[in-house]
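Data block below; observations after.
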Number of protein chains: 2
Amino acid sequence: MPNVPAAASALDVLEYLSRHAEPVPAASIARDLPLPRSSVYHLLKVLCSRGYVTHYVEDRRFGLGSAAYELGSAYQRQAPLARVARGPVRRLVDQSGRNAHFATLDGRDVIYLLEERAPSQPTLVTDVGVRLPAHLTASGVAMLAALPGPQVRALYPDRDSFTQRHGTGPRSLTELRSLLSRTRTDGFAREDGTVTPELSSVAVAVLDRAERPLAAVAVTFRSVDGQPEHVADLVGRAKAAAGDIARRLSPTPR
Amino acid sequence: MPNVPAAASALDVLEYLSRHAEPVPAASIARDLPLPRSSVYHLLKVLCSRGYVTHYVEDRRFGLGSAAYELGSAYQRQAPLARVARGPVRRLVDQSGRNAHFATLDGRDVIYLLEERAPSQPTLVTDVGVRLPAHLTASGVAMLAALPGPQVRALYPDRDSFTQRHGTGPRSLTELRSLLSRTRTDGFAREDGTVTPELSSVAVAVLDRAERPLAAVAVTFRSVDGQPEHVADLVGRAKAAAGDIARRLSPTPR
DNA sequence: CACAATTGTCTCGGATCCGAGACGATCCAC
DNA sequence: GTGGATCGTCTCGGATCCGAGACAATTGTG
C-alpha cells in the first residue's frame, strides 16, 4: 500500500496526545513516537493552526484542540453504528428467520438503534429509539460484561440502581456481577421473559479495537423454541454478525 | 511556516467528511477539496487503516470512523477548557478585584469548571462541579443567548422546564426569549440576586469559530456596588478574558 | 447487450519535502 | 551570575513522495 508518511505521522501525534491525560512537551512526542524533532515541530505547527492541537505556551506543552472534539461530534452525527450494522443485521435475520436488533449502551440504559423483523415473528418492544434498563436485557448484559469492573460499579452505585421489570432481573451488584461473569464464560448473554414474557433473546457485544463494547447484536425467539442446539446456532450467527460489524467499524491496522 | 501538505490534506479530507451528514464518494472528495484523485485514494487508504474513515464498500462511499470519535473523547478527558481558562480568569480577578468563574452549558444546566477568588470577596456557591439552572445564572443566559432559537426551544419545551430560585427568573419561553434578546443587545448577561441574594454577576460567552458558545466567563460583585460605569468596566474586562480564551481554544486558521 | 462512466489500484520520474543540524532565546540548576 | 539544557525556528540538499495517467473491474445508461 502506498504510504503517506506525513499524514500517518500527524495521526501518530494526535493519538499520542489522546493517550495522555495532560498536555505534553514536544520533546516527549519526538522521543516516544519516535519522530525527528524538526518534523514534530512542523506537524505541531500545522495541527495547531487547524485547531487539532492547542499549544499551552506558559507550560510549553501541547494538548488536543477543539477540532478533535468537532470530528468526534461529526462522527456521532453521521450515525455510523446503525449504518454499518444494517447489512449484517439484515443478513442475520434472513439466515436465522428470527427478529434481530442492534443497540448501544448509554449509562445504565440500552438504546435501540436498529431492528430488523423476520416474517411471521412477533412484534418487539425494542423499536428504534426505545430505552430499557441495560441489566434487564441480553444486549445490555452483553455490553456490561465487556466493561471493566470499576466502570460497572460506577454505573450501579447502590440497590436503587436496579429497576425491575416483570419481577425479574438482578437486584444487587453482587447478583449483577455473577450474571456478567457467567456471560463472559458463555460468550453471550441471554434473557428469558425479562423484556417480554414468553420471548427470549441471546446477544453478543460488538467490541472496538480496545475491546470496549460499542454496541450489541441480539436475536429474539419464542422461549418454547429455546432448545440448546437451536440457541447455539443463533449465538454463532449473532457472533458472526457482531464480528462483521466490528471489522467494518474499526479495521485492524496493517 | 513550513508546510506539511500531506498532513494538511489528511485534515482536509476529515473535515470534508465531517461537513457531510452522509458518507460521500471519493470522486466528490477529489472534486470538492480539490485534490488529485490518486492522492485522495492514498490518503483514504491511510485514514481507513487507522480507523479515522470508514469505507462503506456496498455504497462505494466514505464516512468518518470511530477513531475520530476517540479523538473527541480524548479531548474531553483532557479538560482543556478549564486548563486554558485558568490564566485569563486569574488575571481578570487580579485586575478587577472581584471573584470570577468560568462555566459551560450542559443541557439546561451550567456547570462550573473554574472559580478564582479575590481577597476579601464573599464566598460563592459556584464551586467547581456545581450545577445550576442555566436560565437563572448570568453565565447560563450568556451562553443560551448565543444558541440558535430552535435549540433554545428544544431545551425548554414547556413551563415545567423553568425551575425557580428565590422566586426570580424567567417562567416561560416568552420571558426567556425576551431576556436572551436583551442579552444579545447588551452584549452581556446580568443577574442580580437570582443565584445569591445581594450578589450580582455579569457574564459573557466564549464562542468557538462557528460562533457557538463553548463556555462563559462571569464576574461577581455586591449588588450595592452596581453603578453603571463600574459594571461597564467589569463587562469590558470579562469580554477581554473571553476573547483571550477563545483565541487559545480555536486559533484563527492561516 | 454494448458502450460510457466511474471506481480503485498501480507505476515511476520530476518536484517537493523531510529532517540533520545550526542558531538564538529561554529556562533551570548550582 | 554562569553554564548547561531545552525550546522553537530556520536552512537546504539528498531522498522520498506526489500525482498524472494507464489499466482492469464494476456500475450505470440507452
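It should be emphasised that the depicted structure is a prediction, and the values quoted were computed from it without experimental measurement. Hydrogens, waters and symmetry mates are skipped; everything else that's a heavy atom, side chains included, is used. Per chain, numbering begins at 1; letters A, B, ... match sequence-line order.
- Applying the salt bridge (charged side-chain N to carboxylate O under 4.0 Å, His left out) rule to A/D109 yields the partners A/R131; only residues at least two apart in sequence or on another chain are considered.
- Per the geometry, CD belonging to A/E58 stands 16 Å off C1' belonging to D/dG8, to the nearest Å.
- Side-chain atoms of B/R60 lie closest to D/dT26 of the nucleotides C/dT9, D/dT26, C/dC18.
- Between A/H42 and D/dT9 there is no side-chain N or O to OP1 or OP2 distance below 4.0 Å.
- Mapping B/R37 and A/R61 onto DNA chain D by nearest heavy atom places A/R61 at the nucleotide closer to the 5' end.
- Closest to the A/S39 side chain, of the nucleotides D/dG19, C/dG8, C/dC18, is C/dC18.
- Considering only residues two or more places apart in sequence or on other chains, A/F188 meets the ring pair (Phe, Tyr, Trp, His ring centres under 6.0 Å) condition with none of them.
- DNA chain C lies under 4.0 Å from at least one heavy atom of each of the following residues of residues 7-35 of chain B: B/P25, B/A27.
- Here the P atom of nucleotide D/dC7 and the OH atom of A/Y56 are 18 Å apart, to the nearest Å.
- Phosphate proximity of D/dT9 to A/Y41: absent, as no side-chain N or O sits under 4.0 Å from OP1 or OP2.
- Proximity of B/S38 to the phosphate of D/dA20: no side-chain N or O atom is located under 4.0 Å from OP1 or OP2.
- Ring geometry for A/Y41 against A/F62 counts as perpendicular: the plane angle is over 60°, on a 0 to 90° scale with 30° as the lower cut.
- In the helix from C/dC1-D/dG30 to C/dC30-D/dG1, the end axes, each obtained as the rotation axis mapping the C1' atoms of four pairs onto the next four within a five-pair block, lie 50° apart to the nearest 10 degrees.
- When the nearest nucleotides of DNA chain D are assigned to A/V57 and A/P5 by heavy-atom distance, the more 5′-ward of the two goes with A/V57.
- In this structure, the CG atom of B/D59 is 18 Å from the P atom of D/dT26, given to the nearest Å.
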Tell me which donor-acceptor pairs under 3.5 Å the side chains of residues 26-35 of chain B have, and how far apart each pair is, sequence neighbours excluded?
| from | atom 1 | to | atom 2 | distance (Å) |
| --- | --- | --- | --- | --- |
| B/D32 | OD2 | B/Y16 | OH | 2.5 |

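- For A/R212, the salt bridge (charged side-chain N to carboxylate O under 4.0 Å, His left out) criterion is met by A/D208, not counting sequence neighbours.
- B/L44 places its CG atom 14 Å from the P atom of D/dC18, with the value rounded to the nearest Å.
- The side-chain heavy atoms of A/H20 and A/R61, taken from C-beta on, include no pair separated by under 4.5 Å.
- For B/D225, the salt bridge (charged side-chain N to carboxylate O under 4.0 Å, His left out) test picks out no residue, with sequence neighbours left out.
- With D/dA20, C/dA20, C/dG8 as the choices, the nucleotide that has an atom nearest any side-chain atom of B/P36 turns out to be D/dA20.
- Checking the phosphate oxygens (OP1, OP2) of D/dG8, no side-chain nitrogen or oxygen of A/K45 falls inside 4.0 Å.
- By the salt bridge (charged side-chain N to carboxylate O under 4.0 Å, His left out) test, B/D94 pairs with B/R90, sequence neighbours left out.
- Among pairs with a residue in residues 232-242 of chain B, those fulfilling side-chain hydrogen bond (donor to acceptor under 3.5 Å, both in side chains) read B/D233-B/R237, at least two apart in sequence or across chains.
- The CG-P distance, from A/L43 to D/dG8, rounds to 15 Å in whole Å.
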